[in-house]
*Asks:* 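Pasting a structure here, questions to come.
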Amino acid sequence: MPELPEVETTVNSLNILKNKKVTNLQIYTKKLRYTVPHIKLKKIIKSELIQSRRISKYVILDFKNNYTLIIHLGMSGRLKILKNYSSKHKHDHLSIKFNNNSYLLINDPRKFGFVDFIESDKIYKLSYIKKLGIDALDKKLSIEYLYKKIKKSDVLIKQILINQHIVAGIGNIYASEILFDAKISPLKKGKSLNKYQIGKIIKSIRKILKRAVESGGSSINDYVSPDGTLGNFQNNFKVYGKEGLLVRGFKIKKVILYGRSTFFCPEIQK
DNA sequence: CACTCTCCCTGAAAGC
DNA sequence: TGCTTTCAGGGAGAGT
């Protein structure tokens with residue numbers, strides 16, 4: 001499931017379409033999580049892709065005509081770049097043809113993702129973008145910022161980490177990995193953490209996410225990079241999905257927090 | 001406002 | 001073996 005590292009890997013791969021012009025657009029699905037803005041989307045035809053970038057877990061494609069395509073991959077969403085595309089594959093919802101004869105496809109079995117289309121200068125007016133907290137890999141993510149956000153919070157640190165309005169980009173899987181790396185229990189309340197512990201968490205956020213980006217993201221379930229390469233960071237997961245396994249002689253436990261699976265090692269994470 | 005719960009969806013895995 | 005049920009999760013919106 002795409003979290004920050006997978007989205008980062010995705011937008012990097014999409015840069016091979018930079019300066020290419022859209023020659024055709026096919027929409028196969030009326031609605032993903034939200035209705036696909038099919039009328040507006042036609043505006044990208046004949047325009048060139050200027051750049052592919054990431055805002056939190058959103059893929060941002062800026063076009064030369066000053067319009068921007070926003071793609072959220074949800075849980076099972078995946079972008080593919082294909083040279084030959086004669087027939088639609090299962091769960092393909094959108095296909096964009098470029099003038100180098102390659103196709104960018106949005107494929108999403110669970111339809112938890114969505115696409116949006118807006119004038120480029122209005123992107124920060126979108127409520128879901130405007131509300132985002134500091135990006136998990138932004139240098140501006142400081143101990144002071146996080147401490148201030150959570151010093152009065154009764155919410156568990158695990159939930160704070162996946163709250164996109166506080167730190168943007170971390171999802172359920174990496175939250176478990178980050179807290180294991182920081183040796184801090186997911187069950188700790190935000191307000192119980194001191195600045196030293198928050199510093200450890202920030203270090204672990206950067207360490208785990210950067211490593212994951214370097215390994216091309218994770219490929220659990222069907223996440224694959226647009227160029228077809230598989231990420232392999234899931235091989236580096238220490239606790240996620242590893243209930244019952246031993247770490248330094250201690251068992252990894254699974255608990256459900258706010259309806260989400262959470263993996264940790266109580267003896268190591270305090 | 002701040003928090004938690006529910007829901008959207010399909011395929012894989014578990015259960016029977 | 002094969003059918004049925006459960007589970008997975010991002011994030012908006014409803015509910016408290």
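Letters A, B, ... are given to chains in the order of the sequence lines, protein chains preceding strands, and every chain is numbered from 1. Every value quoted in this text rests on a predicted model; they were computed, and no experiment measured them.
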*Asks:* What's A:Y258 touching, base or sugar-phosphate or nothing? Going by heavy atoms closer than 4.0 Å.
*Replies:*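 The residue A:Y258 makes sugar-phosphate contact but no base contact.
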*Asks:* In whole angstrom, what separates A:I129's CD1 from C:dA12's P?
*Replies:*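 Rounded to whole Å, this separation is 10 Å.
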*Asks:* Rounded off to whole Å, could you give me the CZ-to-P distance for the A:F114 and C:dG13 pair?
*Replies:*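 My rounded result for the distance is 10 Å.
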*Asks:* Examine C:dG9: is either OP1 or OP2 under 4.0 Å from a nitrogen or oxygen in the side chain of A:S261? Give yes or no.
*Replies:*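 Checking A:S261 against C:dG9: at least one side-chain N or O falls below 4.0 Å of OP1 or OP2.
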*Asks:* Nearest whole angstrom, please: distance from the P of B:dT4 to the CG of A:L257.
*Replies:*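 Those two atoms, CG and P, are 11 Å apart.
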*Asks:* If you find the nucleotide of DNA chain B closest to A:H91 and the one closest to A:L156, which residue's nucleotide is nearer the 5' end?
*Replies:*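 It is A:L156, whose closest nucleotide lies nearer the 5' terminus.
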*Asks:* Distance check needed: C:dG9 P versus A:I173 CD1, whole Å only.
*Replies:*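 A:I173 atom CD1 is separated from C:dG9 atom P by 6 Å.
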*Asks:* Just how far, in rounded Å, is P of C:dC7 from CZ of A:F112?
*Replies:*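 The distance from CZ of A:F112 to P of C:dC7 comes to 15 Å, rounded to the nearest Å.
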*Asks:* Phosphate oxygens OP1/OP2 of C:dG10: is one of them under 4.0 Å from a side-chain N or O of A:H72?
*Replies:*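 False: A:H72 side-chain N/O out of range (4.0 Å or more) of C:dG10 OP1/OP2.
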*Asks:* Quick check on C:dG11: is either OP1 or OP2 less than 4.0 Å from any side-chain nitrogen or oxygen of A:H165?
*Replies:*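 No, outside the criterion.
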*Asks:* Picking from A:Y34, A:F63, A:Y67, what satisfies ring-ring contact (aromatic ring centres under 6.0 Å, His included) with A:F117?
*Replies:*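 Only one of A:Y34, A:F63, A:Y67 forms a ring-ring contact (aromatic ring centres under 6.0 Å, His included) with A:F117, namely A:Y67.
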*Asks:* So, A:S76 and A:D108: side-chain donor and acceptor under 3.5 Å apart, yes or no?
*Replies:*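 Their side chains do contain a donor-acceptor pair, which is all the 3.5 Å distance test asks for.
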*Asks:* Where do A:K57 and A:V7 come nearest, in terms of heavy atoms and distance?
*Replies:*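 That would be O-CG2, 3.5 Å.
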*Asks:* Quickly work out the A:I162 CD1 to B:dC3 C1' distance and round it to whole Å.
*Replies:*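 Checked: the CD1 to C1' distance equals 13 Å.
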*Asks:* To the nearest Å, give me how far apart CZ (A:R33) and P (B:dT6) are.
*Replies:*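 My rounded result for the distance is 18 Å.
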*Asks:* Should A:K57 be listed as having a side-chain N or O under 4.0 Å from OP1 or OP2 of C:dG11?
*Replies:*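 Looking at the OP1 and OP2 atoms of C:dG11, one of them is under 4.0 Å from a side-chain N or O of A:K57.
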*Asks:* When you measure from the side chain of A:Q164, which nucleotide among C:dA12, B:dT4, C:dG11 comes out closest?
*Replies:*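 Minimum distance to the A:Q164 side chain belongs to C:dG11.
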*Asks:* Between A:Y58 and A:H72, does the ring centroid distance fall short of 6.0 Å?
*Replies:*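 Yes, the ring of A:Y58 comes within the 6.0 Å limit of the ring of A:H72, centre to centre.
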*Asks:* With a 3.5 Å cut-off and just heavy-atom distances, do the side chain of A:R110 and the base of C:dG10 make a donor-acceptor pair?
*Replies:*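 Between C:dG10 and A:R110, which were checked side chain against base, a qualifying N/O pair under 3.5 Å is absent.
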*Asks:* Could you tell me whether the phosphate oxygens of B:dC3, OP1 or OP2, come under 4.0 Å of any side-chain nitrogen or oxygen in A:S153?
*Replies:*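 Answer yes for this pair, as a side-chain N or O of A:S153 is under 4.0 Å from OP1 or OP2.
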*Asks:* Taking the side chain of A:R260 as heavy atoms from C-beta outward, which of C:dA8, B:dT4, C:dG11 is closest to it?
*Replies:*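 Closest nucleotide among those given: C:dG11.
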*Asks:* With a 4.0 Å limit, can you tell me whether A:K90 has a side-chain N or O closer than that to the phosphate oxygens OP1/OP2 of B:dG11?
*Replies:*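 So the side-chain polar atoms of A:K90 do come within 4.0 Å of the phosphate oxygens OP1 or OP2 of B:dG11, strictly under.
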*Asks:* Check whether NZ of the Lys or CZ of the Arg A:K238 lies under 6.0 Å from the centre of the six-membered ring of A:F180 and within 45 degrees of that ring's axis.
*Replies:*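 Not satisfied by the 6.0 Å and 45° rule.
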*Asks:* Test of understanding: clusters of I, L, V, M, F, W, Y form through side-chain heavy atoms closer than 4.5 Å, transitively. Do A:I44 and A:L61 belong to the same one?
*Replies:*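 Yes, A:I44 and A:L61 fall within the same hydrophobic cluster.
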*Asks:* Counting the atoms with a prime plus P, OP1 and OP2 as sugar-phosphate, which does A:K254 contact under 4.0 Å by heavy atoms, base, sugar-phosphate, or nothing?
*Replies:*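 Answer is sugar-phosphate: A:K254 comes under 4.0 Å of backbone atoms only.
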*Asks:* Tell me which nucleotide among B:dG11, C:dG11, C:dG10 gets nearest to the side chain of A:P109.
*Replies:*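 My answer, after comparing the listed nucleotides, is B:dG11.
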*Asks:* Identify whether a stacking contact exists between A:Y128 and C:dA12, where the ring centres must be under 5.5 Å apart and the planes under 30° apart.
*Replies:*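 A stacking contact does not exist, since A:Y128 is not both close and nearly parallel to the base ring of C:dA12.
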*Asks:* In whole angstrom, what separates A:N163's CG from B:dT4's P?
*Replies:*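 Value for this atom pair: 10 Å.
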